[in-house]
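Everything on this sheet refers to the single structure shown next.
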Protein chains: 2
Amino acid sequence: MNESRPNAMAILRERGYRVTPQRLKIYNALWNAGSHPTVIEVHQRAIKEDPTISKATVYKTLQLFTEIGLAVEMGFRDESTRYDPEVDGHINLICTQCGSVEDYDGIDLSSIKNGVEKGMKFKIFAHRFEVHGLCSKCQAK
Amino acid sequence: MNESRPNAMAILRERGYRVTPQRLKIYNALWNAGSHPTVIEVHQRAIKEDPTISKATVYKTLQLFTEIGLAVEMGFRDESTRYDPEVDGHINLICTQCGSVEDYDGIDLSSIKNGVEKGMKFKIFAHRFEVHGLCSKCQAK
DNA sequence: TTATATGCAAATCTTTTGCAAGGAT
DNA sequence: ATCCTTGCAAAAGATTTGCATATAA
């Protein structure tokens, strides 16, 4: 079930971005930071390897990583927090290109929630299921 | 498949919170705002009904709604943005009490992703599946 | 060489907090 | 009457930006 570590250097090259020591160190920091580090945590970890790495660079780099699939962002960086009154749930399809959000409710989420509640002894109050990618319109472009 | 609107007044009472005009108007604003409004959008909508409602109240109220299950928060309010290098995915179990994050990979997410890609013509690059609630430790308390 | 990336510092937003006044129960 | 909520303004944090310098290709 473990995921193998992507080759950040190769992926950067592929997409036409430069490979810099900062980017590699920030990727190390992200990968080693355990689960779901904040920007600040990534920065603190990165400056242990190179104390000159700035917070601004970490911000910029993590955004880049998100664009090229080296990281998933938890939350919307560019705006204030969003809230959803539809608490019973569906899957949100978020287009990373145009920002549109579609709903998908063609799947029975209750069995999934059941599995989690029983398997993990976790009491669920709410959930959020999102996929990030390209909507049909943006694929056509 | 449409969700019926919860009775915000009743839920507030049940949980021992006061029913105030602001709370009801903010709930209206949230419910009517269309998909996934930002805090700012909710505020702007709310002040059309009552121009004296402050942003601080909207912030506080949306946090309350999240706690009592009237809203789902998209993102982590209290900290800087989080990033996850595990782009292949699992379900994150986020405890709203102690903030712990557990992983659950006892479910086959690929069939879900397949359904989305085929059903919605959406090209998935990444996903994020979270449930919010009480971890086993916090339930015991 | 040349365009891209970095670091710094300032600017801009977002979110939280303290406190006095108002209002629900 | 009491205690929870509100609004305001200030404070604290998070994120972005402009620009000069450094550097990968």
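Naming: A, B, ... by sequence-line order, numbering from 1 per chain.
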Between [N] ([atom2]) and [X] ([atom1]): distance, integer Å:
X        : N       : atom1 : atom2 : value
Leu62(B) : dT5(D)  : CG    : P     : 15 Å
His43(A) : dG13(D) : NE2   : C1'   : 15 Å
Ile40(A) : dT15(D) : CD1   : P     : 7 Å
Leu24(A) : dA5(C)  : CG    : P     : 13 Å
Gln63(A) : dT16(D) : CD    : C1'   : 8 Å
Lys60(B) : dT14(C) : NZ    : C1'   : 15 Å
Glu41(A) : dT15(D) : CD    : P     : 12 Å
Leu12(B) : dG23(C) : CG    : P     : 18 Å

query: Below 4.0 angstrom from OP1 or OP2 of dT16(C), is there any side-chain N or O of Tyr59(B)?
result: no
Under a 4.5 Å cut-off applied to non-hydrogen side-chain atoms, are [X] and [Y] in contact?
X         : Y        : result
Cys135(A) : Leu93(A) : no
Arg23(A)  : Thr57(A) : no
Leu70(A)  : Leu64(A) : no
Tyr59(A)  : Ser54(A) : no
Ile112(A) : Ile91(B) : yes

- request: Would you please classify the geometry between the Tyr27(B) ring and the Phe65(B) ring as parallel, tilted or perpendicular, with 30° and 60° separating the classes?
  value: perpendicular
- request: Name all residues meeting the ring pair (Phe, Tyr, Trp, His ring centres under 6.0 Å) criterion together with Tyr104(B); count only those two or more places apart in sequence or in a different chain, and write none if there are none.
  value: none
message: If we ignore hydrogens and angles and just use 3.5 Å, is the side chain of Thr66(B) paired with the main-chain N or O of Leu62(B) as donor and acceptor?
response: yes
field: Partners passing side-chain contact (heavy atoms from CB on, under 4.5 Å) against Asn28(B) (at least two apart in sequence or in another chain)
entry: Arg5(B), Asn32(B), Glu49(B)
- prompt: Say you draw a straight line from OG1 of Thr61(B) to CD1 of Ile26(B); how long is it, rounded to the nearest 0.5 Å?
  reply: 3.5 Å
Taking N or O atoms only and anything under 3.5 Å, show me the protein contacts with nucleotides 23-25 of chain D, one pair per line.
| from | atom 1 | to | atom 2 | distance (Å) |
| --- | --- | --- | --- | --- |
| dA24(D) | O3' | Val19(A) | O | 3.3 |
| dA24(D) | N3 | Arg18(A) | NH1 | 3.2 |
| dA25(D) | OP1 | Val19(A) | N | 3.2 |

query: For Lys25(A), what residues pass the salt bridge (Lys or Arg N to Asp or Glu O under 4.0 Å) criterion, not counting sequence neighbours?
result: Asp50(A)
- prompt: Residues from residues 47-57 of chain A sitting under 4.0 Å of DNA chain C, heavy atoms only?
  reply: Thr52(A), Ile53(A), Ser54(A), Ala56(A), Thr57(A)
query: End-to-end bend of the helix from dT1(C)-dA25(D) to dT25(C)-dA1(D) (five-pair axes, 10° rounding)?
result: 50°
